[in-house]
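Everything below concerns the one structure shown next.
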Amino acid sequence: RHQLAMLDVAAAGQHALLVADTGAGKTLAGFLPTLAAFAGGNPPGEGLHTLYISPLKALAHDVQRNLLGPVAEMGLPIRIETRSGDTPASRKARQKARPPHILLTTPESLSLLLSFPESQSIFAALQCVIIDELHAFATGKRGDLLALSLARLHTIAPAARRIALSATLDDPGRYRAWLAPWGDLDSVALVKGEDGAPPQVEILIPEGRVPWGGHAGTWAVPQLLDIIAANSTTLIFCNTRFLAEYIFQKLWEGNEANLATMAVGNIHEPDQVNSILMAGRADLVCLGRPHLADPYWTLHAAAEQGYD
């Protein structure tokens, strides 16, 4: 429903703030008006059409990967590229001379791109700006930087629509004001997604004595292994990278069932982790940052290890 609503908002020429649960297809909903424009009888020509901004460059790469599939299946003439500090200099130079139709980047890279003399021509054809995970940085210094960039973009391409995506906002009206040019709340439509599945939260009750010393929760390893064995994909969130590696080692030592396990310190590290999880081939991953879970994963169980 919220995906169709985003198409209606785009047809009305309004900006939009989409608030929907993780896994509800927020990112696809944000790109739907762009895909619909290229799928129509009069697709846009050359030039940058849609600018996607995320708080993490790894998230931009994930979005690119998940956009390429539908675009290829629909046979759309869309070039999708990312731009960050890791982008080769040759590709950056080409992007300035011949911008892709969709560019995925971060606030910092956008700010640098706007500083170039070519910025006027790069963004002249811009029609849409998509800001993902708005709650993650809008109220901080990075949000201030992005607000300045949006003001500059509004000068270059005043007709460009703004779309913001978030899974959790305590005050949507406040973020609508942040998103709206000149703070005009009426120009930003609030689109709410359907309610997701109700959370099921359980507390792991120790089966034996909990030791006084240590805060790693190693006493729970046998019970965690039972949870892992009962689910096809399990994420165990840890407070620190050391704890992630330490708990993984303890689980590996007790892994008599030879479950397919792997450990990684930060959830946004290498792309092969995302691929393995999306394919459902891992039973356990120890991670350091639970708030960055990828909505494209098929997740069956999650646990938090350690103390705040």
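Worth saying up front: this structure is predicted, and the values here are computed from it rather than measured.
- Taking every heavy atom of both residues into account, Trp219 and Pro206 meet most closely at CZ3-CB, 3.4 Å.
- Within the model, atoms OG1 of Thr50 and CG of Leu104 stand 9.5 Å from one another, a figure rounded to the nearest 0.5 Å.
- In this structure the side chain of Ser54 never reaches within 4.5 angstrom of the side chain of Glu133, judged on heavy atoms.
- Using a 4.5 Å cut-off on side-chain heavy atoms (C-beta onward), Tyr175 and Ser166 make no contact.
- Closest of all the heavy-atom pairs between Leu179 and Ala164 is CD2-CB, 3.7 Å.
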May I have the step-by-step check of side-chain contact (heavy atoms from CB on, under 4.5 Å) for Leu18 and Ile163, ending in yes or no? CA-CA 8 Å; Leu18 172 59; Ile163 296 174; 5.5 Å; no

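- Minimum heavy-atom separation, Pro55 to Phe137: CB-CD2, 3.4 Å.
- With a 4.5 Å cut-off on side-chain heavy atoms, Phe31 and Ile80 do not count as touching.
- Not counting sequence neighbours, Arg152 has no partner by the salt bridge (Lys or Arg N to Asp or Glu O under 4.0 Å) test.
- Under a hydrophobic clustering in which Ile, Leu, Val, Met, Phe, Trp and Tyr are joined whenever their side-chain heavy atoms come within less than 4.5 Å, directly or via other members, Leu51 and Leu148 fall into different clusters.
- Residues Gly254 and Leu225 approach most closely at O-CD1, 3.1 Å, considering heavy atoms.
- The backbone N or O of Val188 lies less than 3.5 Å from no partner atom in the side chain of His15, so there is not a single donor-acceptor pair.
- Tracing side-chain contacts under 4.5 Å through hydrophobic residues (I, L, V, M, F, W, Y), one never reaches Ile102 starting from Ile156; they form parts of separate clusters.
- At a threshold of 4.5 Å between non-hydrogen side-chain atoms, the residues Phe38 and His49 count as touching.
- The environment of OH in Tyr246 is sparse: at most 12 heavy-atom neighbours from other residues, nucleotides or ligands sit within 6.0 Å.
- At distances below 3.5 Å, at least one donor-acceptor pair connects side-chain atoms of Gln223 with backbone N or O atoms of Ile205.
- For Thr218 against Pro222, the heavy-atom pair with the smallest separation is O-CD, 4.3 Å.
- No side-chain heavy atom of Arg162 sits under 4.5 Å from any side-chain heavy atom of Ile131.
- Within a 6.0 Å radius of CZ in Arg174, other residues, nucleotides and ligands contribute 12 heavy atoms or fewer.
- A donor-acceptor pair under 3.5 Å is absent between the side-chain atoms of Thr139 and the main chain of His135, judged by distance alone.
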Under 3.5 Å, side-chain donor or acceptor atoms of residues 117-128 against the rest of the protein: list the pairs with distances, not counting sequence neighbours.
residue, atom, partner, partner atom, Å
Ser119, OG, Leu114, O, 3.4
Ser119, OG, Phe116, O, 3.0
Ser121, OG, Glu118, O, 2.9
Gln127, NE2, Ala125, O, 3.3

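- Distance CD/Glu202 to CD1/Ile227: 8.0 Å, rounded to 0.5 Å.
- If you chain together hydrophobic residues whose side chains sit under 4.5 Å apart, Leu153 and Leu17 fall into the same group.
- Atom CD of Glu253 has more than 12 neighbouring heavy atoms from other residues, nucleotides or ligands inside a 6.0 Å radius.
- Hydrophobic clustering (ILVMFWY, side-chain heavy atoms < 4.5 Å, transitive): Leu145 and Leu112 are in distinct clusters.
- Side-chain contact check for Pro181 versus Ser187: some heavy-atom pair is nearer than 4.5 Å.
- In this structure, the separation between CD1 on Ile130 and CZ on Arg161 is 8.5 Å, given to the nearest 0.5 Å.
- No side-chain heavy atom of Arg91 sits under 4.5 Å from any side-chain heavy atom of Arg83.
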Step by step, would you call Leu113 with Thr105 a side-chain contact (heavy atoms from CB on, under 4.5 Å)? CA-CA 10 Å; Leu113 193 56; Thr105 188; over 6 Å; no

Could you go through the side-chain contact (heavy atoms from CB on, under 4.5 Å) check for Met6 and Leu32 one step at a time? CA-CA 8 Å; Met6 292 296 287; Leu32 269 182; 5.6 Å; no

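- Distance check, rounded to the nearest 0.5 Å: OG1 of Thr34 to CG of Leu67 gives 9.0 Å.
- Leu103 and Val63 fall into different hydrophobic clusters, where Ile, Leu, Val, Met, Phe, Trp and Tyr side chains are chained together by heavy-atom contacts under 4.5 Å.
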side-chain contact (heavy atoms from CB on, under 4.5 Å) evaluation trace for His101 with Glu46: CA-CA 7 Å; His101 298 108; Glu46 286 296 316; 3.9 Å; yes

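- Within the model, atoms CG of Leu150 and CD1 of Ile53 stand 5.5 Å from one another, a figure rounded to the nearest 0.5 Å.
- Pairing each heavy atom of Arg79 with each of Pro99, the nearest pair is NH2-O, 3.1 Å.
- One finds no salt bridge joining Lys92 and Glu81 here, because no Lys/Arg side-chain nitrogen approaches an Asp/Glu carboxylate oxygen to under 4.0 Å.
- Between atom CG of residue Leu110 and atom OH of residue Tyr52 there is a gap of 13.5 Å, rounded to the nearest 0.5 Å.
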